[in-house]
Structure formats: structure tokens, C-alpha cells
Amino acid sequence: MRCNRAFVCASLAALVESRDPVSGPIDCLDGFSASGAMALQWKTRLVSKIRVLAVDRCPSAMSALEANCELNGVHWRRVRPHEVAEQFSTDCGSGKLKILTALEQVNSVMETCPFDFIHLDPFGSPAGNIESALRHLRNGGLLSVTCTDLASLLGQQPRVAMRNYGAVLMRVRCAPELGARTLLAFVAACAARCNKSIRPVYCLSAPRFLLACVRVERGARRADDCLARSVGRLAHCRVCQQQRPATSGSIGGDNAGCGCGDDAEGGGAVAVLGPVWLGDLFESDFIKRMARHLLGSAESDSLLASEDKILLKMLLEESQCLSRSTDSLEVSMPPFQPMFYISPKWLRLSGVDLPRLEQLIEILRSSGHAASRTHFDLTAVRTSASIQACRDLILQHSTAAILNHNNTTDAASLTSSMDS
Ligand SMILES: C[S@@+](CC[C@H](N)C(=O)[O-])C[C@H]1O[C@@H](n2cnc3c(N)ncnc32)[C@H](O)[C@@H]1O
Ligand SMILES: [Zn+2]
């Protein structure tokens, strides 16, 4: 969870950095604070730039939280929900290290006061708290959500996924990314009910949690556009794992574009999953700012373990997924076509020497596809290429390598026979 806290703190720091300092401190809510580790990290790092309310409904967690404040030299004041707005303006505006605490249900606190940054980290699914948080986030604010209900989001418990997120999911090879996209589609639908839209700034998939952070913007028309352009169903081929946005949303009317289900035997090859988020997952400038906070500070070693630093670097690379022909950071993709990742191991190319990932990225990019490593799966590449295109390129490349090898061997044996 150290990694989770470090990324959340860095996203708050990046938000603070992007705001005009004259607009004053930004209001932050740690909604499921437990012993307050997250809230204390924010306050001790960002001091007078933020005002913090730490909430937990459990009395023993609240006692631990307040004791931890004292251990860290941070003043605290226990408030009731209706006192938050007033106490923020009168008591927490100075440079003093002080946070507000509340022994409450988080939804009842969110009803009383608007925030610029809300982090939700419940045990289990955050689904029941997301709409309330979105309703009370200010325009341009960030909602950050940590999910530990991975069995449902990764498709291992499809009925729970349907209950909590209203989504059809199943076990697929891109499960971590599909889980992130399912969560984002759910967040977008909740935002639309509040006449708001979302833009993901990053998603982080780790072994024990999934973290997503979105920017929220006000406006009913924006909400409509967000749903229409970025949320939809996905046709997923159970045979080859190809996926692409479904057109009709009905089973049988869609295909994943791979042809596996074309013959009569292949009926049922395609499953229609979702709703999922079909738009971009990353805002690379924001992640760069986060990386400066995570890697550039004197305390960076205490913030992130070395494997988490690798995760961050990969996230940065992934957020800039490029093709060789692209010189800007924008991906050369048709609009609203999500990119998934492909592992060469999935391609069932027996007898073929599979390229290393860096080589495969090079091959894909030089053929005009966007490609990069992906933090979702360290054995895979994120790419705009279809599974079939990827397979063809690997085959071409391995044939070219064999021909090259044979030509070189022939030339060498010719030279040696001329020498003898
Ligand atoms: C997973 S822990 C939070 C961990 C914490 N964010 C950290 O970084 O250490 C979840 C906490 O949420 C609290 N909680 C659960 N439901 C709640 C609710 N509806 N309102 C407020 N707190 C709640 C629990 O008491 C528990 O302390
Ligand atoms: Zn297929």
C-alpha cells in the first residue's frame, strides 16, 4: 500500500502544481482514512497548499488517526459534517500543520461540502461512494479511487461485477486493463448523472489493487459527449483474444474483426463485454509531473520501492505510446479506438523465435503502429496493431531473419570453399 499512497500523494501534488497559487489552498478529502497515513502524508508534504479532512466511521481507526497526528506533529480537530466548510476557512487556512477529522460515514460528509480532491479507498468495492464523491467535486477537481475488489474487476466473479459495476466481464488475458476500463465506464456513468464528464489522468494496476484517477468537468453537454464518445461495449474474441468496440451491442451482431467466428463451428467465439471506457487512459503531462514529485524529491527513496520506480517509468512510457511516424506525443490512431496489449506468448507461434519485447516494439513502430511496453503486463506490448497484424509481422521478421542467416552462412561457406 506504500506504492498506492505514494501515487495518490503525487497526483495531489501534481494537481496543486497545476493550480494558480493565488487561488488559495485546495480542499482534500481522505474518505476512508483508517489510521490516517494517507492524509498525514499529504499534509506534511504539501503543508499550506492544501486543507485536509480525514474521515473514518470506525472509532478505533479514528483514535489511531488522531494519535498518529500527534506523533507526526500535526494538529487535529474533530468536526461534524456541517462544520467542515466553516472550519476549513477559519482554522486550516494558515501555514499551520493542522487537519480536520470526522468520525462519520463518508457519504454524509461529502454531502455537506465541496472538495477539489477526493480519494476513496474502502475495503471492497467503491461503487456505492463514487456518485456522491463526483457530485461534490469542484470543476476541474480530481477523483482518485483505489479498488481492492479485484476478483470482480478481473472477471473472476462476473456476477459480482454485474452487481457492483453493471458490467459483463469474464476472464480474459487483458483482464487488468479491462478491469480499469470497466471502473472508468462506471465512473463516467455516475458523473453523467451529476451533469459532469471525466477524463482519466492515469490508471495503475498493481498485484493487490487497481488505482484510477480522473479529472472531473462540469457540463451536461460534456457529460453527453463523454458517454457517447468514450463509453461502449467491447467485442472480445474468446479464441484469439482480439477485441474492438462493439457496434450493435448485441451478441451475434458483433465481431472482433479477427474472423475466428466466421465459420459455423466458430459461433459463440465473440463475447460482448462491458460497458467499458474506450478512450485514453493516460494524460502523459500529468504523469510527468507526478514522476517529478516521486523521483525528484530528496525523500523519493522512502516514497517508492525500486520495483515501484520501474512501474512508474513504464507508466510514463505507456502514456506516450508512439509510432515511429509520430513526432508529437499524440498517438497516430483513428479517434476513439482503444489500444490493448498483446503478449507474443499468446500468438501460438510454435517453432518461431519470438522477438524480445524491445525488438517487437521496434518492428511494430517501423510498420507505422503505435507501440510501447505496458505496466499492465510486463510480458506484453501496448499497440494499435491487431493480433493478426502482430502475428504477421513477427512471422515476416523471423522469415527475414532466417533468410539473412542462410545468406550469411552461404556467403561464408562460399568464401571458405574459394579459400581452400
Ligand atoms: C482500506 S482501509 C483504508 C486504508 C487507508 N486509505 C490507508 O492508506 O491506510 C478502509 C477504511 O475505511 C473505513 N470505512 C469503511 N466504510 C466506511 C464508510 N462508509 N465511511 C467511512 N469510513 C469507512 C474502515 O473503517 C477502514 O478504516
Ligand atoms: Zn479471434
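Everything quoted here is computed from the prediction, not taken from an experiment. Counting starts at 1 for both ligands and their atoms, following the listed order.
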Per-residue contact class, Glu104 against ligand 1 - non-hydrogen pairs under 4.0 Å
backbone
Option set [options], criterion heavy-atom distance to [atom], minimum:
{"atom": "atom 25 (O) of ligand 1", "options": "Asn107, Asn4, Asp56", "answer": "Asp56"}
{"atom": "atom 16 (N) of ligand 1", "options": "Gln41, Arg57, Met110", "answer": "Arg57"}
{"atom": "atom 8 (O) of ligand 1", "options": "Arg5, Met38, Arg2", "answer": "Arg5"}

What I want to know is whether [X] and ligand 1 share at least one N or O pair that is separated by under 3.5 angstrom.
{"X": "Ala61", "result": "no"}
{"X": "Cys58", "result": "no"}
{"X": "Asp30", "result": "no"}
{"X": "Ser35", "result": "no"}
{"X": "Asn129", "result": "no"}

How far is atom 4 (C) of ligand 1 from the closest protein heavy atom, and which atom is that?
Asp121 OD2, 3.6 Å
Short N-O contact, Arg173 and Asp377, less than 4.0 angstrom
no
Salt bridge Glu104-Arg80, side-chain N to carboxylate O under 4.0 Å
yes
Using the Zn ion (ligand 2) as the vertex, how large is the angle between SG of Cys240 and SG of Cys258, rounded to 10 degrees?
110°
Please round to the nearest 0.5 Å and tell me the distance separating atom CE of Met110 and atom CD of Gln105.
10.5 Å
Decide whether a cation-pi geometry holds between Arg199 and Phe286; the criteria are a distance under 6.0 Å from NZ or CZ to the six-membered ring centre and an angle within 45° of the ring axis.
no
Over 60° means perpendicular and under 30° means parallel, so classify the ring planes of Trp42 and Phe117, tilted if in between.
perpendicular
What class does the angle between the rings of Tyr202 and Phe7 fall in, given that below 30° is parallel, 30 to 60° is tilted and above 60° is perpendicular?
tilted
Surrounding CG of Asn72 (heavy atoms of other residues, nucleotides or ligands, distance under 6.0 Å), is the total greater than 12?
yes
